[in-house]
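As the structure is a computational prediction, the values presented were derived from the model and not from experiment.
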Amino acid sequence: MNQQQQEEPDQRRSNTPVMDHLIQKEQEESRMAAKANTPLTAIVEAFEDLAQFMDAREDLQLDTFCGACSLVSVLFSCLGLAFKFAEMEYVSKIRDLTDASKAYTTLHDILDLDVANDTVKTPGSHSRNLRRVRQGLDLIRALFQNFLATNEYSLKEAATTAYAQVCAPYHSWAIRTAAYAGMYSLPTREQLLLRLNETDQSAETKMSRYINASIPVIKYIDKLYTSRNITLDW
């Protein structure tokens with residue numbers, strides 16, 4: 001065996017730790033990139049962009065609003081059968097508003113239209129659908145707040161309390177009964193984090209960011225109604 005043949009195995013062995021390190025580093029970077037591009041990340045960033053419109057006191061564009069809100073539907077999906085009705089209703093309302101954005105520029109425009117036609121509270125009207133989307137956003141906000149209140153707070157408890165606060169007052173007895181019964185099929189806290197591809201720490205940070213960003217958006221929508229002397233008890 002010549003010297004070159006002896007050196008080749010030695011060289012491969014000496015390179016192995018380096019290659020292993022590079023492979024591990026690449027895998028870790030891939031995992032970090034996946035974590036950075038989770039559904040919750042997209043939602044948070046979209047609502048922080050919406051909140052900037054509130055800070056700038058600009059009229060919220062309907063298409064921009066719909067684009068951000070459409071991302072939230074994945075959260076209802078992650079909650080499973082318990083929120084299937086909420087998901088279906090939410091998605092249908094977003095679809096209607098998205099179609100409306102082809103004809104109307106801002107949220108103000110659809111309120112003005114329905115006020116003029118006296119159809120604000122009419123089932124299927126854009127203003128009524130906007131009101132239901134707003135409740136969906138607030139439901140997720142309340143759920144996140146309850147979820148983060150303590151590590152001992154189960155998802156069932158967080159969701160039940162959020163539903164009672166945000167949606168139950170406006171739902172019929174039949175819908176409330178079905179919703180509360182469905183809470184028993186909710187995923188566990190750990191299962192939800194897995195479905196969202198988040199850790200406890202990353203979820204806490206992003207849920208807090210959504211709460212902070214969604215509140216001014218929700219208040220903006222409420223003001224669209226109250227500034228037109230439309231109550232919010234429906």
Side-chain angles (χ1 to χ4, degrees), residues 42-73 75-76 83 85-146 161-172 175-176 179 207-234:
I43 292 167
V44 167
E45 291 177 349
F47 273 82
E48 287 178 340
D49 288 343
L50 290 185
Q52 289 182 356
F53 281 96
M54 311 298 100
D55 294 338
R57 299 185 180 278
E58 296 181 15
D59 288 343
L60 191 53
Q61 303 293 299
L62 184 55
D63 58 352
T64 303
F65 173 77
C66 290
C69 291
S70 65
L71 299 172
V72 177
S73 61
L75 296 178
F76 290 107
F83 278 74
F85 174 81
E87 179 188 4
M88 292 172 61
E89 182 180 49
Y90 182 86
V91 170
S92 69
K93 306 315 184 201
I94 287 295
R95 187 180 299 117
D96 170 75
L97 294 176
T98 300
D99 290 341
S101 70
K102 299 171 185 176
Y104 305 99
T105 305
T106 68
L107 274 64
H108 278 282
D109 294 337
I110 60 174
L111 262 294
D112 288 340
L113 171 72
D114 285 327
V115 167
N117 294 329
D118 194 25
T119 54
V120 170
K121 298 182 181 181
T122 301
S125 73
H126 301 320
S127 297
R128 185 181 180 88
N129 289 343
L130 175 61
R131 175 75 180 145
R132 294 295 174 261
V133 169
R134 175 256 185 244
Q135 287 179 341
L137 301 179
D138 201 23
L139 178 63
I140 296 298
R141 189 269 320 155
L143 189 153
F144 281 178
Q145 280 191 328
N146 296 335
T161 303
Y163 176 80
Q165 293 171 336
V166 177
C167 297
Y170 311 108
H171 283 172
S172 66
I175 294 177
R176 291 198 306 272
M207 287 180 180
S208 296
R209 287 171 60 191
Y210 172 82
I211 292 168
N212 293 332
S214 67
I215 288 175
V217 176
I218 291 168
K219 288 182 177 180
Y220 177 89
I221 296 172
D222 285 348
K223 190 174 180 181
L224 292 175
Y225 295 90
T226 58
S227 64
R228 293 169 171 80
N229 297 318
I230 302 169
T231 60
L232 303 176
D233 56 349
W234 52 287

Quiz item: Can Lys219 and Asp222 be counted as an ion pair, charged N to O under 4.0 angstrom?
Solution: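 Looking at Asp222 together with Lys219, the answer is no, because their closest N to O distance does not fall below 4.0 Å.
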Going by atom types alone, do [X] and [Y] pair a side-chain donor with an acceptor below 3.5 Å?
X	Y	value
Asn117	Thr119	no
Tyr163	His171	yes
Thr106	Asp59	no

If you take all heavy atoms of [X] and [Y], which pair is closest and at what distance?
X	Y	value
Ala213	Ala51	O-CB, 3.9 Å
Arg131	Trp234	NE-O, 3.3 Å
Arg176	Ala168	CD-O, 3.3 Å
Leu143	Ala162	N-CB, 3.5 Å
Ile211	Ser214	O-OG, 3.3 Å
Asp233	Tyr170	C-CE2, 3.7 Å

Roughly how far, to the nearest 0.5 Å, is [atom2] of [Y] from [atom1] of [X]?
X	Y	atom1	atom2	result
Glu87	Leu75	CD	CG	10.0 Å
Arg141	Asn146	CZ	CG	8.0 Å
Ile221	Ser127	CD1	OG	11.5 Å
Leu224	Leu111	CG	CG	5.0 Å
Ile218	Asp138	CD1	CG	4.0 Å
Leu62	Asp99	CG	CG	10.0 Å

Exercise. List the steps, then state whether side-chain contact (heavy atoms from CB on, under 4.5 Å) holds for Tyr104 with Asp112.
Key: CA-CA 10 Å; Tyr104 305 99; Asp112 288 340; over 6 Å; no
Sub-4.5 Å side-chain heavy-atom contact between [X] and [Y]:
X	Y	value
Arg134	Lys93	no
Tyr220	Phe65	no
Ile110	Leu97	yes
Arg228	Val120	no
Asp49	Phe53	no
Val72	Phe47	yes
Tyr90	Cys69	yes
Ile94	Ser70	yes

Quiz prompt | Thr122 and Arg128: CA distance, side-chain angles, deciding distance, side-chain contact (heavy atoms from CB on, under 4.5 Å) verdict | solution = CA-CA 7 Å; Thr122 301; Arg128 185 181 180 88; over 6 Å; no
Self-check item: Intermediate values then yes/no, side-chain contact (heavy atoms from CB on, under 4.5 Å), Gln145 and Thr161
Solution: CA-CA 10 Å; Gln145 280 191 328; Thr161 303; over 6 Å; no
Practice problem: Could you give me the CA-CA distance, side-chain angles and deciding distance for Ile140 and Ile43, then say whether side-chain contact (heavy atoms from CB on, under 4.5 Å) is met? | Solution: CA-CA 11 Å; Ile140 296 298; Ile43 292 167; over 6 Å; no
